[in-house]
Amino acid sequence: MLLSLLLISCGVGIIRCSSTTIHGNITDMISLLDFKWAITNDSRQALRSWHASVPLCSWEGVHCSSGRVTKLYLSGRGLLGPISPSLGNLTFLRTLDLSRNGFTGELPPLNRLHRLEYIDLGNNLLQGTIPDTLTNCSTLRILDLSANLLMGEIPLGIGRLSKLRKVWLSSNNLTGTIPPSLRNSSRLEDIVLTDNKLTGTIPDEMGEFTSLVYLGLGVNMLSGGIPETLYKYNQSSLQYLYLYSNMLGKTVPSNFGDTLLNLQHLCLDNNNFEGHLPASVGNMSGLRLLNLSSNNFIGQVPGSFGNLVLLEYLILQRNNFWGFLPTELGGLKQLTHLDLSDNNLQGGVP
């Protein structure tokens with residue numbers, strides 16, 4: 001049986017595999033078969049090619065390099081059941097995508113996957129906590145565990161992933177605070193923690209990412225104000241800032257818009273912000289969506305909003321704005337959605 005497996009793995013005919021490659025190939029095959037056997041429902045027969053009579057690197061969703069499994073892509077295959085810990089033996093794996101299935105149970109230990117760069121287990125039914133051992137995958141660049149049933153805190157060791165570019169943990173039941181250790185992942189471009197149960201304040205470290213494009217912290221229980229680091233220093237890379245549906249408060253600082261010149265979406269709605277809107281918001285010349293609804297803002301709508309020539313959505317409802325709208329708003333040719341309801345405004349729309 002072992003000889004048959006060797007011939008299948010290396011290809012019948014001239015065998016050019018080294019003993020190391022042969023051994024590793026067999027290890028990968030056994031690991032994937034263990035994974036298959038743990039599947040409780042494969043109604044679409046996605047894994048029908050997974051058996052010993054078919055060369056390993058020809059299996060559905062399996063990609064190889066030099067005879068070793070480097071990519072496992074089974075997104076949206078309708079697979080149900082637990083994820084076997086045997087995947088942790090695929091030591092040459094660089095990409096693991098099991099998203100949009102019905103995987104259940106806890107995340108398996110994957111701490112031996114030191115070559116892993118991309119992991120997407122999003123849109124499943126995974127439970128339990130995020131194992132700290134996952135942070136041993138030192139080459140990881142993209143981590144997506146969104147839309148599951150995960151709970152507990154974000155591991156403090158996540159800061160050990162120094163090459164991390166994107167972290168998506170949205171739509172889970174994560175609790176605790178946002179770990180400041182994230183600052184060690186200085187290359188981060190996307191931080192998406194939306195729709196969890198995170199508490200505490202937004203760490204000052206959130207403003208230390210020079211390549212940050214997307215910061216999504218909406219639908220949590222965060223309190224305090226907007227960290228000064230997010231707007232005081234040059235944040236030319238930031239394009240999407242979603243802080244909606246929290247318990248954030250205080251006033252928006254007068255210089256808030258001075259450095260966020262490439263911001264396209266700003267959502268501060270459903271919080272406890274108060275006071276006057278600073279005129280500097282009008283400096284965010286790239287804005288297309290501005291949602292400040294359901295806060296406690298007062299005073300007049302700044303005339304500097306007329307500088308937001310790309311603005312398509314302006315949503316200011318349920319605040320305490322008063323007076324007349326500035327005539328400058330009449331120059332916003334791209335504006336398609338305007339909601340000013342539940343304020344104390346007078347007159348018409350320019």
Side-chain angles (χ1 to χ4, degrees), residues 1-127 131 133-134 136-137 139-145 148:
M1 180 63 181
L2 179 59
L3 178 59
S4 299
L5 287 175
L6 293 179
L7 291 173
I8 291 166
S9 301
C10 295
V12 179
I14 300 175
I15 300 176
R16 296 174 180 172
C17 301
S18 68
S19 59
T20 301
T21 301
I22 292 172
H23 180 269
N25 188 277
I26 296 300
T27 299
D28 289 353
M29 176 179 284
I30 293 172
S31 298
L32 288 177
L33 287 176
D34 283 344
F35 170 80
K36 177 184 178 179
W37 291 330
I39 299 296
T40 59
N41 193 318
D42 181 12
S43 59
R44 302 180 191 176
Q45 294 295 297
L47 306 184
R48 62 183 177 276
S49 62
W50 286 35
H51 52 80
S53 63
V54 177
L56 171 65
C57 299
S58 298
W59 291 4
E60 174 70 21
V62 176
H63 300 258
C64 299
S65 177
S66 301
R68 300 302 303 271
V69 175
T70 57
K71 179 178 179 180
L72 182 59
Y73 181 83
L74 294 171
S75 178
R77 299 300 206 280
L79 300 171
L80 306 181
I83 299 175
S84 172
S86 66
L87 290 187
N89 296 325
L90 301 174
T91 53
F92 279 71
L93 198 65
R94 295 183 182 275
T95 297
L96 175 61
D97 190 340
L98 305 179
S99 62
R100 299 187 295 114
N101 283 290
F103 287 108
T104 56
E106 298 189 356
L107 286 167
L110 301 174
N111 51 296
R112 295 182 61 207
L113 304 185
H114 299 299
R115 294 177 173 87
L116 194 64
E117 298 177 1
Y118 179 104
I119 179 170
D120 187 352
L121 304 180
N123 290 275
N124 281 289
L125 299 168
L126 297 170
Q127 299 175 314
T133 54
L134 186 62
N136 290 335
C137 301
T139 59
L140 200 62
R141 294 187 299 109
I142 296 176
L143 172 63
D144 189 346
L145 304 176
N148 278 287

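These values consider heavy atoms only, across backbone and side chains, with no hydrogens, waters or symmetry-generated copies.
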Let me confirm one number: the [atom1]-[atom2] distance from [X] to [Y], rounded to the nearest 0.5 Å.
| X | Y | atom1 | atom2 | answer |
| --- | --- | --- | --- | --- |
| Leu145 | Ile119 | CG | CD1 | 6.0 Å |
| Ser84 | Ile39 | OG | CD1 | 9.0 Å |
| Leu96 | Ser75 | CG | OG | 11.0 Å |
| Arg68 | Cys57 | CZ | SG | 10.0 Å |
| Leu126 | Thr104 | CG | OG1 | 7.5 Å |
| Phe92 | Asn25 | CZ | CG | 11.0 Å |

Could you work out, with salt bridge (Lys or Arg N to Asp or Glu O under 4.0 Å) as the rule, every residue matching [X], not counting sequence neighbours?
| X | value |
| --- | --- |
| Arg115 | none |
| Arg94 | Glu117 |
| Glu60 | Arg77 |

Test Leu143 against Leu134 for side chain to side chain contact (heavy atoms under 4.5 Å, CB included), laying out the working first.
CA-CA 10 Å; Leu143 172 63; Leu134 186 62; 3.8 Å; yes
Strictly by salt bridge (charged side-chain N to carboxylate O under 4.0 Å, His left out), give each pair with a member in residues 97-106 just once, sequence neighbours left out.
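Residue pairs with at least one partner in residues 97-106: there are none.
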Pair Leu72, Val62 - check side chain to side chain contact (heavy atoms under 4.5 Å, CB included), show working.
CA-CA 5 Å; Leu72 182 59; Val62 176; 4.0 Å; yes
Among residues two or more places apart or on two chains, list those pairs meeting side-chain hydrogen bond (donor to acceptor under 3.5 Å, both in side chains) that have a residue in residues 38-48.
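The answer is none; no pair qualifies.
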Heavy atoms, side chains only, cut-off 4.5 Å: are Leu121 and Phe103 in contact?
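Result no, sub-4.5 Å side-chain heavy-atom pair not found.
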Is a donor on one side and an acceptor on the other found under 3.5 Å between the side chain of [X] and the backbone of [Y]?
| X | Y | value |
| --- | --- | --- |
| Asn124 | Asn148 | no |
| Asn89 | Leu87 | no |
| Asp28 | Val69 | yes |
| Trp50 | Trp59 | no |
| Thr139 | His114 | yes |

Go through it in stages, so that I can follow the logic: the residues are Leu74 and Leu47, the test is side chain to side chain contact (heavy atoms under 4.5 Å, CB included), and I'd like the CA-CA distance, side-chain angles, deciding distance and then a yes or no.
CA-CA 9 Å; Leu74 294 171; Leu47 306 184; 4.1 Å; yes
Check against side chain to side chain contact (heavy atoms under 4.5 Å, CB included), Tyr118 and Leu93
CA-CA 9 Å; Tyr118 179 104; Leu93 198 65; over 6 Å; no
Mind checking what makes side chain to side chain contact (heavy atoms under 4.5 Å, CB included) contact with Asn111, not counting sequence neighbours?
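In terms of side chain to side chain contact (heavy atoms under 4.5 Å, CB included), with neighbours along the sequence ignored, Asn111 is linked to Pro109, Thr133, Asn136.
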Heavy-atom pair of closest approach, residues [X] and [Y]:
| X | Y | result |
| --- | --- | --- |
| Ser31 | Ser86 | O-OG, 2.7 Å |
| Cys137 | Leu116 | SG-CD2, 4.4 Å |
| Pro131 | Pro108 | CG-O, 4.5 Å |

